[in-house]
Colleague: 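Mind looking over this structure? Questions follow.
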Amino acid sequence: MPELPEVETIRLGLKKAIVGKTIAGVDVRVPKLFHGDKKSIIGKKVLDVGRRAKQIIIDVEGDNDLLIHLKMTGQLIYRPKQESGVASHGQIAGGHPSKDWTAVLPNGTTHIIFDFSDGSKLFFNDLRKFGWIKIFEAKELKHKLTEELGVEPFDKEFTTDELAKIISKKSNWNIKKILTDQTLISGIGNIYADESLFWAGILPTRIAKTIKYDEVLRLHTSIIKALQIGLKYGGSSENTYYKIDGAKGQAQEHFQVYAQEGKKCKRCGGVIQKIKLNGRGTHFCPGCQK
DNA sequence: CTATCTGTTCTGAC
DNA sequence: TGTCAGAACAGATA
């Protein structure tokens, strides 16, 4: 799924696009991806768009809010009224099926469509159908999100000491597993875990209890750095991620290790390696990371 | 064609 | 209780 920088990029775009608009209808094409009674949000105005971990929260007038998880391949694409159908950025190659899943909407991966009263639409696409949209009672949602998720990396309470405390709680885990566990720290996934560990000079396989305090210090700075790079370039479109206008992010052009296996390390010139760790592809530089 | 990969997370088996 | 493979699903890639 999109990770924190991608979801945050979507949130910012969405906030600009839909706050103040009234939800006129919801077309649920794949019922298992939509939980709750859509009638409870129809006719209501969107008040705000938030984020917690890798999830989007749409704050709707009244008692109910929407929670959206994009998982691996979910997309939220917004189209103003004038150009519903064809992307402003993309051409449709004559006769060829487009690999760009946002060029024509709705398409075969479009499972839920929100209609706003001004004629604009929000398309929820998901190739693999892992993502979902759920309606929650607002209080219950707030409780659930604080209960189940770890500290936000951009929060002021995410300090070096806090990170040290988190690491000490899972002394036998490898450090990458700690970074990607949403109940400990929220928002970091496979890409930004690898990138953070590169910037920190720490191997992803390192066991928590072997990590010294000066390394925790570097890791804390590096997590924020990796996520900020992601955010600055509008997220990474290595796979199926698009911004809400259908444009790609550029963060993948700034990766140091993720998807760089076999290439030369930009810092030391060594060859980037790829292994499997915790069941996931894991990238690192043997020269820079110890 | 077959095997393995993919930005996630939950469940069930041991 | 902790860990891990497999599941949910669909496609790209070698």
Side-chain angles (χ1 to χ4, degrees), chain A residues 1-11 29-35 51-56 67-76 96-102 107-112 124-134 144-145 147-150 153 169-174 176-197 204-205 207-209 226-227 229-231 233-243 248-262 273-283:
Chain A
M1 103 194 181
E3 304 177 35
L4 189 155
E6 289 76 30
V7 179
E8 181 65 10
T9 300
I10 291 169
R11 179 186 81 84
R29 302 182 163 201
V30 180
K32 66 178 265 193
L33 305 187
F34 190 91
H35 301 238
R51 179 189 59 77
R52 181 74 171 94
K54 306 171 187 174
Q55 300 167 88
I56 299 263
L67 185 67
I68 304 176
H69 202 314
L70 300 171
K71 291 289 183 87
M72 294 279 270
T73 54
Q75 303 169 334
L76 287 172
H96 295 288
S98 174
K99 199 183 157 187
D100 180 345
W101 289 301
T102 72
N107 60 46
T109 72
T110 304
H111 309 313
I112 296 161
F124 172 71
N125 302 337
D126 191 348
L127 173 67
R128 293 174 73 178
K129 298 189 185 119
F130 293 167
W132 43 252
I133 299 179
K134 297 179 185 178
K144 170 190 159 69
L145 293 175
E147 195 86 336
E148 297 173 2
L149 293 164
K169 275 198 281 191
K170 300 290 178 185
S171 58
N172 292 320
W173 286 22
N174 62 65
K176 179 170 176 179
K177 187 168 171 55
I178 292 175
L179 294 188
T180 54
D181 187 313
Q182 301 303 298
T183 68
L184 299 175
I185 307 168
S186 60
I188 304 172
N190 206 40
I191 291 180
Y192 295 99
D194 285 2
E195 292 292 309
S196 299
L197 287 163
T205 48
I207 301 302
K209 62 187 163 208
L227 294 173
I229 291 172
L231 201 48
Y233 293 102
S236 53
S237 293
E238 189 71 19
N239 198 341
T240 54
Y241 164 77
Y242 290 87
K243 298 190 269 191
K248 293 190 175 204
Q250 309 298 135
Q252 67 281 4
E253 294 164 20
H254 303 272
F255 288 164
Q256 305 299 308
V257 289
Y258 184 85
Q260 306 300 304
E261 62 270 25
Q273 307 288 309
K274 181 179 179 183
I275 58 169
K276 189 163 264 195
L277 180 65
N278 313 323
R280 307 298 305 277
T282 297
H283 314 73

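Letters go in sequence order (proteins before strands), and every chain restarts at 1.
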Colleague: Given A:Ser236, which of A:Glu6, A:Glu3, A:Glu253 fulfils the side chain to side chain donor-acceptor pair (under 3.5 Å) condition?
Modeller: A:Glu6
Colleague: Does B:dT9 have its OP1 or OP2 closer than 4.0 Å to a side-chain nitrogen or oxygen of A:Lys54?
Modeller: yes
Colleague: How long is the line joining CG of A:Asp181 and P of B:dT9, in whole Å?
Modeller: 9 Å
Colleague: Please check if atom NZ in A:Lys134 has more than 12 non-hydrogen atoms from other residues, nucleotides or ligands closer than 6.0 Å.
Modeller: yes
Colleague: Just how far, in rounded Å, is P of C:dT3 from CG of A:Asn174?
Modeller: 10 Å
Colleague: Within this structure, what is the CD1-to-P distance between A:Ile207 and C:dT3, rounded to whole angstrom?
Modeller: 10 Å
Colleague: A:Thr109 near the nucleic acid: base, sugar-phosphate alone, or nothing, with a heavy-atom cut-off under 4.0 Å?
Modeller: nothing
Colleague: Nearest whole Å is fine: how far is C:dC9 C1' from A:Trp132 CH2?
Modeller: 17 Å
Colleague: Run the salt-bridge test on A:Lys144 and A:Glu147 with the 4.0 Å N-O cut-off and return the result as yes or no.
Modeller: no
Colleague: Which base sits across from C:dC9 as a Watson-Crick or G-U pair, both distances under 3.5 Å?
Modeller: none
Colleague: Say we look at B:dT11 and C:dC9: how far apart would their P atoms be, to the nearest angstrom?
Modeller: 15 Å
Colleague: Categorize A:Tyr258 for me: base, sugar-phosphate, or nothing, with a 4.0 angstrom heavy-atom threshold over every strand shown.
Modeller: sugar-phosphate
Colleague: Could you state the CG-P distance from A:Leu127 to B:dT6, rounded to the nearest angstrom?
Modeller: 15 Å
Colleague: OP1 or OP2 of C:dT3 sitting under 4.0 Å from any side-chain N/O of A:Trp173?
Modeller: yes
Colleague: Expressed as a whole number of Å, how far does the C1' atom of B:dT4 sit from that of C:dG6?
Modeller: 15 Å
Colleague: With a 4.0 Å limit, can you tell me whether A:Arg280 has a side-chain N or O closer than that to the phosphate oxygens OP1/OP2 of B:dC5?
Modeller: no
Colleague: What nucleic acid atoms does A:Gly235 come within less than 4.0 Å of, heavy atoms only: base, sugar-phosphate, or nothing?
Modeller: nothing
Colleague: Do you know the tightest heavy-atom contact between A:Gly234 and A:Tyr241?
Modeller: O-OH, 3.0 Å
Colleague: Counting any heavy atom closer than 4.0 Å, what does A:Thr180 reach on the DNA or RNA strands: base, sugar-phosphate only, or nothing?
Modeller: nothing
Colleague: Would you kindly give the CD1-to-P distance between A:Ile178 and C:dT3, to the nearest whole Å?
Modeller: 11 Å
Colleague: Distance check: side-chain N/O of A:His69 vs OP1/OP2 of B:dT9, anything under 4.0 Å?
Modeller: yes
Colleague: Any chance the side chains of A:Thr73 and A:Asp126 put a donor and an acceptor closer than 3.5 Å?
Modeller: yes
Colleague: If you check the A:Phe130 side chain, which of C:dA8, B:dT6, B:dT9 turns out closest?
Modeller: C:dA8
Colleague: To the nearest Å, how far apart are A:Lys32 NZ and C:dA10 P?
Modeller: 8 Å
Colleague: Is there a side-chain contact between A:Arg51 and A:Leu4 (heavy atoms, below 4.5 Å)?
Modeller: yes
Colleague: When you get a sec, tell me which of C:dG11, C:dC9, B:dT8 is the closest nucleotide to the side chain of A:Lys129?
Modeller: C:dC9
Colleague: Taking the side chain of A:Lys274 as its heavy atoms from C-beta onward, which of C:dA10, B:dC5, C:dA8 lies nearest to it?
Modeller: B:dC5
Colleague: Looking for any heavy atom pair under 4.0 Å, which part of the strands does A:Lys177 touch: base, sugar-phosphate only, or nothing?
Modeller: nothing
Colleague: Using whole Å, what does the distance between atom C1' of nucleotide C:dC9 and atom CE of A:Met72 come to?
Modeller: 10 Å
